K.L.:
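I have a structure I would like to understand better, so I am pasting it below and will then ask my questions one at a time.
Quick caveat, the model's predicted, so the values are computed rather than measured.
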Amino acid sequence: MGFITMFATPITMSMAQQVLPQYKSIIGGFINGFSWGIVAIAMSIIGYIAQATSIVPVLTIIAAIPALCSVLVKYLFAQKN
């Protein structure tokens, strides 16, 4: 989960720094801290669900999330006419 979430951090940080170039260090720290916080919360919840049920379905769903989100990436930088 940490690898999947942190995989998008450089792209998110670059986009945020382009939006507010005068606050690059503040935005970098905020995005980094926010990413680590989301990973910690998500791993706690997913770990609880995996212990309460079975780990195989939980891992299957976690593996499918990047595949589903990769379809949406093509719309991220789409130009509207």
K.L.:
Give, for atom CG of Asn32 and atom OG of Ser35, the distance between the pair rounded to the nearest 0.5 Å.
P.N.:
6.5 Å
K.L.:
Look at the side-chain heavy atoms of Ile, Leu, Val, Met, Phe, Trp and Tyr, link any pair under 4.5 Å apart, and say whether Tyr48 and Ile55 land in one connected group.
P.N.:
no
K.L.:
Taking side chain to side chain contact (heavy atoms under 4.5 Å, CB included) as the test, write out the residues that go with Ile26, two or more places apart.
P.N.:
Tyr23
K.L.:
Roughly how far apart are Ile27 CD1 and Phe34 CZ, rounded to 0.5 Å?
P.N.:
12.5 Å
K.L.:
Would you say Thr60's side chain and Val56's backbone share a donor-acceptor pair under 3.5 angstrom?
P.N.:
yes
K.L.:
Within the side chain of Ser70, is there an N or O that forms a donor-acceptor pair under 3.5 Å with the backbone of Ala67?
P.N.:
yes
K.L.:
List the atom of Gln17, the atom of Lys24, and the distance in Å for their closest heavy-atom pair.
P.N.:
NE2-O, 3.2 Å
K.L.:
Go through the structure and list residues passing side chain to side chain contact (heavy atoms under 4.5 Å, CB included) with Thr12, not counting sequence neighbours.
P.N.:
Ala8, Ile31
K.L.:
If hydrophobic clusters are built from ILVMFWY residues whose side chains come within less than 4.5 Å, do Leu68 and Val71 share one?
P.N.:
no
